[in-house]
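So the structure is just underneath, and the comments pick up after that.
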Amino acid sequence: MEQVWLKRYADIATTIDEGRTDTVVDLLDNAVRAFGDKPAFHCLFTNLRYREVDRLSRDFAAWLQSHLGLEKGDRVAVMMPNLLAFPVIAFGLIRAGLVQVNVNPMYTPRELAHQLNDAGCKAVVVFNGVSQTLAQVIDDTPVEHVIGVALDDLNGMQGPNPPMAESLRERATPLRLAVLAGRKLAFTAPRIERDDPIFLQYTGGTTGPSKGAVLSHRNLVANVAMMDAFLGDLLEDGKDVIVTALPLYHIFALMVNFLLYFKAGALNVLIPNARDLPAVVREWSKWRVTAFTGVNTLFAGLMHTPGFAEQDFSGMKLCMGGGAPMQKAISERWKAITGCAIREGYGLSETSPVVTATPAHLDHVNGTIGLPLPSTDLSIRDDDGQEVTFGEPGELCVKGPQVMSGYWNRPDANAEVFTEDGYFRTGDIATVDADGLFRIVDRKKDMILVSGFNVFPNEVEDTLAALEGVLESACVGVPDEKTGEAVKVVIVKSDPALTEERVVEHCRGRLTAYKVPRIVLFTDQLPKSTVGKILRRSLREGQ
């Protein structure tokens with residue numbers, strides 16, 4: 001492909017200068033020097049300034065190092081929603097040279113135990129409200145220390161506060177006490193190298209059970225620099241207000257909302273529970289928001305929430321969508337309401353995460369994931385590993401400084417996902433045109449085979465999104481004696497009068513016959529991840 005996308009770069013540098021900032025610790029220190037007295041985070045009626053994040057994270061790091069005796073490279077799990085404590089905890093771990101293992105607070109005991117054991121976590125920082133899950137498995141894990149996070153930590157808010165699980169109370173240290181004690185303790189900053197791990201980001205990956213993608217300081221700093229270059233004037237140092245409804249334990253919000261916007265001196269408005277959409281709208285109404293990130297379901301949900309359309313969108317400069325391809329109908333409605341197009345990006349946990357995005361100087365291009373970031377090389381390959389021609393679908397493969405070194409203690413999986421010439425196999429089917437614009441067709445494993453023809457669920461779902469009365473939908477393949485597989489859709493209605501016949505009629509006018517759903521079901525809700533991605537796997541497994 002000879003990197004045809006570079007002709008669309010305009011004045012953007014084709015490569016990043018990886019030497020500008022060595023580690024995420026440097027990123028933190030530079031931001032504090034530049035924006036010290038400015039508010040950095042807001043949550044539950046309280047601001048935390050850049051200088052306060054610096055001081056509190058130093059105190060927490062001192063306590064971890066001097067009191068608990070944790071050493072550089074030890075793994076510490078963090079299991080909590082978006083609260084003011086999160087940035088303090090994260091930067092404290094980073095300062096101490098520890099490896100943060102991000103944990104979904106909605107995990108089941110089995111999922112949590114797997115992650116704690118696989119990562120070999122010595123300590124867990126856990127929100128009290130989900131500590132009962134930890135209590136059920138902690139004795140079967142290597143965890144030695146528990147730090148409990150309360151809803152009102154660092155914000156002085158007094159109100160209902162979930163307690164720590166009873167069986168953990170004697171062995172758990174409240175975060176506020178750890179930080180207070182750390183203020184009196186010495187802290188010796190360890191020597192942190194660019195290739196030292198900073199996060200273990202667990203993911204289903206492209207094969208097998210959940211694995212920890214080893215992300216280094218180099219990976220994260222590179223991805224921040226790439227996005228900084230691509231967004232250009234859409235980022236304004238010290239002036240942005242970003243609403244973070246996506247969970248910070250997810251790599252998209254962790255890199256873009258947290259690290260990138262911290263570097264830029266933004267005020268980050270943290271949303272503890274993005275499923276409470278009326279609460280999100282109420283919080284949004286307090287600010288002149290300039291940036292927002294989300295996934296299809298979050299954008300759609302907000303647009304259906306009373307009061308959202310009446311917000312002041314005059315400051316909006318950047319809306320970024322990720323996690324799954326943006327549906328055209330949702331994107332168009334969002335722009336009509338907010339005046340700001342959704343710039344679609346693409347990435348994975350294994351790539352820290354952003355691989356492609358739409359640069360600031362290009363208008364929104366519907367249906368694409370934009371261009372590869374600086375210093376990023378992409379290759380689309382067939383099942384034999386050969387590069388395909390323009391417009392032909394194949395597996396998207398990535399090489400760049402944001403790509404992980406590998407999965408934690410999984411040489412077998414690494415051998416499967418890296419090509420002989422060093423590209424990471426994403427498991428996503430993509431195409432690229434002669435202008436270098438990439439499109440994601442679908443997940444390789446989600447593709448449906450009907451009588452030998454490929455059906456990509458994204459195309460069917462995108463078609464349904466344009467049908468009045470469809471709030472959201474999911475498309476999966478089900479076994480069929482005649483055709484191998486048949487197309488099935490599960491729909492959440494926004495109009496009770498919507499019928500199966502109307503759905504099929506709509507699809508027949510827009511899709512080739514073999515792509516038209518054979519089975520149409522209606523439901524009250526679709527299974528989703530905590531980020532809001534629809535879980536097709538759960539629908540397939542329920543067949």
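Phe262 and Tyr50 have tilted rings, their planes meeting at an angle from 30° to 60° on a 0 to 90° scale. The aromatic rings of Phe308 and Trp284 sit perpendicular, their planes meeting at an angle over 60°, well past the 30° parallel limit. Ring planes of Phe60 and Trp63: parallel class, angle under 30° (limits at 30 and 60°).
A distance-only check finds a donor-acceptor pair linking the side chain of Asn223 to the backbone of Val354 [under 3.5 Å]. A distance-only check finds no donor-acceptor pair linking the side chain of His42 to the backbone of Val269 [under 3.5 Å]. With hydrogens and angles disregarded, no donor-acceptor distance shorter than 3.5 Å links the side chain of Tyr249 to the backbone of Gln201. A donor-acceptor pair under 3.5 Å links the side-chain atoms of Arg343 to the main chain of Pro359, judged by distance alone. Ser216 places a side-chain N or O within donor-acceptor distance of the main-chain N or O of Asn219, the cut-off being under 3.5 Å. Arg169 contributes a side-chain N or O that, together with a main-chain N or O of Met164, makes up a donor-acceptor pair within less than 3.5 Å.
Under the 4.5 Å side-chain criterion, counting only non-hydrogen atoms from C-beta, Glu283 is not in contact with Val243. Put simply, the side chain of Met326 reaches to within 4.5 Å of the side chain of Asn296, judged on heavy atoms. Counting heavy atoms from C-beta on, the side chains of Leu246 and Asn82 never come closer than 4.5 Å. Under the 4.5 Å side-chain criterion, counting only non-hydrogen atoms from C-beta, Asp118 is not in contact with Lys211. Within the 4.5 Å cutoff, the side chain of Leu318 has no heavy atoms near those of the Ile242 side chain. Between Ile342 and Met320 there is no side-chain heavy-atom pair separated by less than 4.5 Å. Considering only heavy atoms from C-beta on, Met316 comes within 4.5 Å of Phe292 through its side chain. A heavy-atom distance below 4.5 Å is not found between the side chains of Thr293 and Thr244.
Scanning all heavy atoms of the two residues, the minimum distance from Asn155 to Thr46 falls at O-OG1, 2.9 Å. Closest approach of Val149 to Ala85, counting heavy atoms only: CG1-CB, 3.8 Å. Across Val398 and Thr426, no two heavy atoms sit closer than the pair CG2-CG2, 3.6 Å. Considering all non-hydrogen atoms of both residues, Arg75 and Ala119 come closest at NE-O, 2.8 Å. The minimum heavy-atom distance linking Leu464 with Ser473 is given by the pair CD1-OG, 3.6 Å. In terms of heavy atoms, Pro163 sits closest to Ser131 at O-OG, 4.0 Å.
Here the straight-line distance linking atom CG of Leu220 with atom CG of Leu260 works out to 11.0 Å at 0.5 Å rounding. Put simply, CZ on Arg333 and NE2 on His304 are 6.0 Å apart, with the number rounded to the nearest 0.5 Å. Taking CG of Asn458 as the start and CD1 of Ile429 as the end, the distance is 11.5 Å to the nearest 0.5 Å. Between Leu371 atom CG and Leu362 atom CG the span is 6.0 Å, to the nearest 0.5 Å. To the nearest 0.5 Å, the span separating CD on Gln402 from CG on Leu348 amounts to 10.0 Å. In this structure, CD in Glu111 is found 10.0 Å from OG1 in Thr133, a value given to the nearest 0.5 Å.
Judged purely by distance below 3.5 Å, without hydrogens or angles, the side chains of Thr463 and Arg510 never pair a donor atom with an acceptor atom. At a cut-off of 3.5 Å, with distance as the only test, no side-chain donor of Glu472 or Thr297 sits close to an acceptor on the other residue.
Asp240 and Lys317 are joined by a salt bridge, as a carboxylate oxygen and a charged side-chain nitrogen come within less than 4.0 angstrom of each other. In this structure, Asp462 does not pair ionically with Lys328, as no charged nitrogen and carboxylate oxygen lie closer than 4.0 Å. In summary, Arg49 and Asp37 do not engage in a salt bridge, as defined by a charged side-chain N under 4.0 Å from a carboxylate O.
Annotation: Phe86 is not in aromatic contact with Phe41 [ring centroid separation under 6.0 Å not met].
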Working for salt bridge (charged side-chain N to carboxylate O under 4.0 Å, His left out), residues Asp446 and Arg536: CA-CA 8 Å; Asp446 285 341; Arg536 293 178 184 148; 3.0 Å; yes
Ring pair (Phe, Tyr, Trp, His ring centres under 6.0 Å) evaluation trace for Phe258 with Phe91: CA-CA 11 Å; Phe258 183 32; Phe91 281 136; 5.0 Å; yes
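For Lys493, the NZ atom is densely surrounded, since the number of other residues' heavy atoms within 6.0 Å is greater than 12. Counting heavy-atom neighbours within 6.0 Å of Lys286 NZ, excluding the residue itself, gives a total above 12.
Tested against Val470 for a side chain to side chain contact (heavy atoms under 4.5 Å, CB included), the candidates Asp495, Val492, Ile491 yield a single pass: Ile491. Considering Thr356, Thr351, Asp428 in turn, Asp428 is the only one that fulfils the side chain to side chain donor-acceptor pair (under 3.5 Å) rule with Tyr346.
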